[in-house]
Student: 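Would you mind keeping the following structure in view while I ask a few things?
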Amino acid sequence: MPELPEVETARAVIAERALDRLIVDVDDSDRYECRPHAPGEIRQALLGRRLTSANRRGKSMWCETSGVGRCGEPGPPLGIHLGMAGRIFISDADGDEASGGDPVHGNGTAAIWTRFSLTFADGGRLRLFDKRRLGRVRLDPDILGLGPDALGISPPQFRTALARGTAPVKARLLDQSAIAGVGNLLADETLWQGRVWPGRRVQDLLPADVDRLYRALNRSLTSAIANGGVHTGRVINARRSDGRCPRCHAAMARATIGGRTTWWCTVEQAA
DNA sequence: ACTCGTGTTAGCTG
DNA sequence: TCAGCTAACACGAG
């Protein structure tokens, strides 16, 4: 699920419900989710501290941490990445639980898929729930390697990020070091709205193409955040072998571009 | 049984 | 050295 809109929702839940609560226990025993830290390392770094802020750049989140006690040095930032399927759940003292996204069906909350958790002094918990296990929790995450956040990027920043190199435009949109936050579905939605063939080389884009893509990205992001996720995009449902373009009803085409499955309208986004 | 995947990244290549 | 591409990662869903 998580692309920028879903991560922003998760960040907001952390900001609203997890800050300033005393951390009395940490389960960092999942070696893979907490790589490259050794078990207990994150736990030792966070015990007795509190999360003091919830931040996001692209799909990466991090929380600053307080000192231990009244005047200790601040702790290391706690980085959280939801990967392909991660979700955040936060419970309060009476056990009521909130999450940043859709309801989880069936045994979706099963403890075996909780890969990391903080327990607060009031008995509530923050849990990272991640079936696929491609999410990641780590101290002092690298944020500087990311490009400007896709939400709020300026037209000149967008133009610069896109123009670099010779890759297909879809690959560049997915490049987190160029623009942070665009995933596979959001890239397809943006290219469809902007009427650009995903395989077009970035050096061949005309200024008018870049302008349309900029507006399309902003529309896609705003809409996804308002409607609950990138899966609410207009072209997403048409990403099927029998799919039709929602605007002109032409057939959709499929190929692997930028290493990811890519769908586009054969007429409006013709090569 | 078998293939695919809304993300990241180590490793290879030109 | 760097941009670009591929395979690998883990494991559930269809």
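FYI, side chains are in, hydrogens and waters are out, and symmetry mates aren't considered; it's all heavy atoms of this structure.
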Student: Under a 4.0 Å threshold between the charged nitrogen and the carboxylate oxygen, would Asp25(A) count as salt-bridged to Arg125(A)?
Tutor: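 No, this pair does not count.
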Student: Is it the case that the side chains of Ser53(A) and Glu64(A) hold a donor-acceptor pair, with the cut-off being a distance below 3.5 Å and no angle test?
Tutor: yes
Student: Of Ser60(A), Pro77(A), Pro76(A), which is the lone residue that meets side-chain contact (heavy atoms from CB on, under 4.5 Å) with Pro141(A)?
Tutor: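 Considering Ser60(A), Pro77(A), Pro76(A), a side-chain contact (heavy atoms from CB on, under 4.5 Å) with Pro141(A) is found only for Pro77(A).
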Student: Tell me, please, which residues at least two apart from Thr190(A) pass side-chain hydrogen bond (donor to acceptor under 3.5 Å, both in side chains).
Tutor: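 Listed in chain order: nothing, the list is empty.
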Student: Which pairs, protein N/O on one side and nucleotides 11-14 of chain B N/O on the other, fall under 3.5 Å?
Tutor:
none

Student: Look at the side chain of Arg239(A) and the backbone N and O of Thr261(A), then say whether any donor-acceptor pair between them is shorter than 3.5 Å.
Tutor: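 Pair found, side chain donor or acceptor close to backbone of Thr261(A).
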Student: Salt bridge check: are Arg21(A) and Asp122(A) linked by an N-O gap of less than 4.0 Å?
Tutor: yes
Student: What does Arg138(A) touch in the nucleic acid at a heavy-atom separation under 4.0 angstrom: a base, only the sugar-phosphate, or nothing?
Tutor: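 The answer is nothing, as Arg138(A) stays clear of every strand by at least 4.0 Å.
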Student: State plainly whether the residues Glu189(A) and Arg234(A) are in salt-bridge range, i.e. N to O under 4.0 Å.
Tutor: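 Looking at Arg234(A) together with Glu189(A), the answer is no, because their closest N to O distance does not fall below 4.0 Å.
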Student: When hydrophobic residues are tied together by side-chain contacts of less than 4.5 Å, even through go-betweens, does Leu4(A) share a cluster with Trp62(A)?
Tutor: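 Unlinked, Leu4(A) and Trp62(A) end up in two clusters.
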Student: Is the NZ or CZ atom of Arg247(A) positioned over Trp192(A)'s six-membered ring, under 6.0 angstrom from the centre and within 45° of the axis?
Tutor: yes
Student: Please work out which residues in residues 150-177 of chain A have a non-hydrogen atom less than 4.0 Å from an atom of DNA chain B and list them by number.
Tutor: Gln176(A)
Student: OH of Tyr32(A) versus C1' of dT9(B): gap in Å, rounded?
Tutor: 9 Å
Student: Does Arg31(A) have more than 12 heavy atoms from other residues, nucleotides or ligands lying within 6.0 Å of its CZ?
Tutor: no
Student: Hey, any chance Leu221(A) and Phe158(A) share a hydrophobic cluster, counting ILVMFWY side chains that come within less than 4.5 Å of each other, even indirectly?
Tutor: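 Leu221(A) clusters together with Phe158(A).
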Student: Quick check on dT8(B): is either OP1 or OP2 less than 4.0 Å from any side-chain nitrogen or oxygen of His81(A)?
Tutor: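 So the side chain of His81(A) is within the cut-off, an N or O lying under 4.0 Å from OP1 or OP2 of dT8(B).
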Student: So, Lys170(A) and Asp188(A), do they make that salt bridge, N to O below 4.0 Å?
Tutor: yes
Student: Show the nearest heavy-atom pair for residues Ile88(A) and Ala10(A), with the distance to one decimal.
Tutor: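 Heavy atoms only, the tightest pair is CG1-CB, 4.2 Å.
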Student: Starting at atom CZ of Arg240(A), determine the distance to atom C1' of dC4(B), rounded to an integer number of angstrom.
Tutor: 17 Å
Student: NA contact type, Arg35(A), heavy-atom cut-off 4.0 Å: base, sugar-phosphate, or nothing?
Tutor: nothing
Student: Please report the shortest heavy-atom distance between Ala224(A) and Pro5(A), naming the atom on each side.
Tutor: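 Closest approach of Ala224(A) to Pro5(A), heavy atoms only: CB-CG, 3.6 Å.
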Student: Please state how far atom CE in Met84(A) lies from atom C1' in dT8(B), giving the value in whole angstrom units.
Tutor: 9 Å
Student: Glu33(A) has an atom CD; how far is it from atom C1' of dA10(C), in whole Å?
Tutor: 10 Å
Student: If you measure from the Lys or Arg side-chain nitrogens to the Asp or Glu carboxylate oxygens, is any gap between Arg195(A) and Asp209(A) under 4.0 Å?
Tutor: no
Student: Answer yes or no: is there an ion pair linking Arg133(A) with Asp130(A), defined by an N-O contact shorter than 4.0 Å?
Tutor: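 Salt bridge absent between Arg133(A) and Asp130(A).
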Student: Specify the separation, in whole Å, of atom CG of Asp142(A) and atom C1' of dT8(B).
Tutor: 13 Å
Student: Expressed in angstrom and rounded to an integer, what is the separation of Glu3(A) atom CD from dG7(B) atom C1'?
Tutor: 9 Å
Student: Where along residues 178-195 of chain A does a heavy atom fall under 4.0 Å from DNA chain B?
Tutor: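 Close to the strand are Gly183(A), Asn184(A), Leu185(A).
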Student: Tabulate atom names and distances for all N/O pairs under 3.5 angstrom spanning the protein and nucleotides 11-14 of chain C.
Tutor:
unit_1  : atom_1 : unit_2    : atom_2 : d
dC11(C) : OP1    : Arg133(A) : NE     : 3.4
dC11(C) : OP1    : Arg133(A) : NH1    : 2.3
dC11(C) : O2     : Arg132(A) : NE     : 3.4
dG12(C) : OP1    : Trp113(A) : NE1    : 3.4
dA13(C) : OP1    : Lys131(A) : NZ     : 2.6

Student: dT8(B) P sits how many Å from Ile80(A) CD1, rounded?
Tutor: 15 Å
Student: Kindly give the heavy-atom pair with the smallest separation between Glu6(A) and Val230(A), and that separation in Å.
Tutor: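 The answer is OE2-N, 2.8 Å.
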Student: Using a distance-only criterion (donor-acceptor N/O pair, under 3.5 Å, no hydrogens), is the base of dG7(B) paired with the side chain of Arg260(A)?
Tutor: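 Between dG7(B) and Arg260(A), which were checked side chain against base, a qualifying N/O pair under 3.5 Å is present.
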Student: Given a 3.5 Å cut-off on both pairing distances, which stems involving DNA chain B, each at least three consecutive Watson-Crick or G-U pairs, are present, if any?
Tutor: B:2-5 with C:11-14, B:7-14 with C:2-9
Student: Taking CG from Leu4(A) and C1' from dG7(B), how many angstroms apart are they, rounded to a whole number?
Tutor: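 Rounded to whole Å, this separation is 14 Å.
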